[in-house]
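Only a predicted model underlies this, so the values are computations on that prediction, with no experimental measurement involved.
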2 protein chains.
Amino acid sequence: MELITETSTGYVPLYRQIKRLITDALVTGEWAPGQPIPSEIELAQRFKVSQGTVRKAISELASQKLVVRHQGKGTFVASHLNEPTKFPFLRLSPDKGPLVDVEADLIDFWRIKLDEESAANLSAVAGSTGWLIRRILAPEGVGIIYEEIRLPGQPFDFMEEKTILNHNCMLYSMYEAEFGIRILRVEERVKAVLVEGEIVDRLGLLDGSPLLRVDRVAYTYGDQPVELRRSYCNTSNHHYQNQII
Amino acid sequence: MELITETSTGYVPLYRQIKRLITDALVTGEWAPGQPIPSEIELAQRFKVSQGTVRKAISELASQKLVVRHQGKGTFVASHLNEPTKFPFLRLSPDKGPLVDVEADLIDFWRIKLDEESAANLSAVAGSTGWLIRRILAPEGVGIIYEEIRLPGQPFDFMEEKTILNHNCMLYSMYEAEFGIRILRVEERVKAVLVEGEIVDRLGLLDGSPLLRVDRVAYTYGDQPVELRRSYCNTSNHHYQNQII
DNA sequence: GAGTGGTCTAGACCACTCA
DNA sequence: GAGTGGTCTAGACCACTCA
């Protein structure tokens, strides 16, 4: 992604101002996820700038994956719904061959009080109510990943187990469809750990098996954190994949 | 990065052709790392296209980090030399606070015969000679990472221990300065493992301590793999950091 | 003040999609 | 064939760097 920092003189290029206006419209939901936004020509008329300036604004939005462009068809608000990949940010791959199908099994779903650390990471109030979701992800039917997901009460207050099940445990689709929360990016911290007890049991391992622990914070518009997730991965036959440019 | 795929009709936009010409000049070393390439206006004249078309080509090269643009100064061939960060692709951070200074200690440096797997990953011939470098990375002086690095004989044939030491173990700078090989991107596969013996000893740990194992393939121009690296990281107080957009 | 990259415009034309 | 995004041009002007 290209980065353009604001100058000390306070100069902000026109296309950046336009980008802001379009982003605002995206955030307020003027155009729904998956739906087209107005054409470049229409937006140029609306904002009284040239098509090129609108293009430059939209190009940045596309590189941030806020919108998706399709030549000949239009520009669409990005969405986790109807995506080909069920778990779009999942970085785990089998050592051999591609990741084919991942099954998700809900273990349980509780109301909790957010502890101090979780609350801080979610910019919520410590002790306020939230949710804890526990589940297993099973590529090709084999349980490889155990996950604990913590959500703030706001905006997820009216959630039920069946809300999750209706979406086949595809949480980011669910957040979007049920709560209008679209996950834009995630930050992860990865460690190697030894764990005992239930987690190891659930993954069918023996105590003393090393696990990959991935702590994730997921962000929506305005860089607001809305989900915490701790995943324990059995990396005997899988690996966490990453590319650095 | 924006991706533009070639169409089935074989149509390749002009700016893509220009990009290819500039890339070729970068690969053949027409302009040296750290040095400026000709201005956009000069390149436009040279290739007989508009400045805008050259800009679009250079923008893509900049987003791939093949070149770096500085407003008012020019566009420069990217380089690992004179970079602020000593280990540009290192993803390990302390759990608290920023990564300040990393020390590197060479353990040893041997000629080896490349085993079948390493050779395949380096697109070299199995059994051909190569190098094995072993070292420790120590943030704030504490040994946290043990690394084994494998290099093909070509183009690294004339390498000596002092070559490495002269560059303070900053290998990517060394490859560039001594062999004209610039690392452009790396792919990593991360697992949690248990290791015994020397590696654990070197990191001052007990047998049974879980370690993060990072397998890296480093690529230069033309997506050619030129280095294999296996790193074992003590993640007691550090973590592997990643962002997914 | 000369030279660099960065922005913005208006307009032409192209590739692609869909009815 | 109408409408979309994608490319390309020529030209004006702006922000920034450096002598």
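- The side chain of A:Arg55 places an N or O atom within less than 4.0 Å of a non-bridging phosphate oxygen (OP1 or OP2) of D:dG6.
- Applying the salt bridge (Lys or Arg N to Asp or Glu O under 4.0 Å) test to residues at least two apart or on different chains, the pairs with a partner in residues 43-53 of chain A are A:Glu30-A:Arg46.
- Where DNA chain C pairs in unbroken runs of 3 or more (Watson-Crick or G-U, both distances under 3.5 Å), the stems are C:1-18 with D:1-18.
- Looking at the side chain of A:Gln71, the nearest of the listed nucleotides C:dT9, C:dG5, C:dA15 is C:dA15.
- Nearest nucleotide to the side chain of B:Glu40, out of D:dT4, C:dG5, C:dC8: C:dG5.
- Annotation: side-chain contact (heavy atoms from CB on, under 4.5 Å) contacts of A:Phe76 (sequence neighbours excluded): A:Pro36, A:His70, A:Lys73.
- An OP1 or OP2 oxygen of C:dA15 is reached within less than 4.0 angstrom by no side-chain nitrogen or oxygen of B:Tyr11.
- There is a side-chain donor-acceptor pair under 3.5 Å between B:Gln241 and B:Ser93.
- For C:dC18, the OP1/OP2 oxygens have a side-chain nitrogen or oxygen of A:Lys73 closer than 4.0 Å.
- Scanning residues 43-53 of chain B for heavy-atom distances under 4.0 Å to DNA chain D yields B:Val49, B:Ser50, B:Thr53.
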Sequence neighbours excluded and cut-off under 3.5 Å, please list the side-chain donor-acceptor pairs for residues 81-90 of chain A, or say none.
residue: A:Lys86; atom: NZ; partner: A:Val102; partner atom: O; Å: 2.9

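- The distance from atom CD1 of B:Ile37 to atom CG of B:Leu26, rounded to the nearest 0.5 Å, is 6.5 Å.
- The existence of a salt bridge linking A:Arg230 and A:Glu148 is excluded, since no basic side-chain nitrogen approaches an acidic carboxylate oxygen closer than 4.0 Å.
- Residue B:Lys56 has a polar side-chain atom (N or O) positioned under 4.0 Å from OP1 or OP2 of D:dT7.
- Ring geometry, A:Tyr172 versus A:His80: the interplanar angle falls from 30° to 60°, so the pair is classed tilted.
- In this structure, A:Ile41 atom CD1 and D:dT7 atom P are separated by 16 Å, rounded to whole Å.
- Comparing C:dG5, D:dC8, D:dG5 by their closest approach to the side chain of B:Pro13 singles out D:dC8.
- The side-chain contact (heavy atoms from CB on, under 4.5 Å) check on B:Leu184 picks up B:Leu66, B:Arg182, B:Tyr221, with sequence neighbours excluded.
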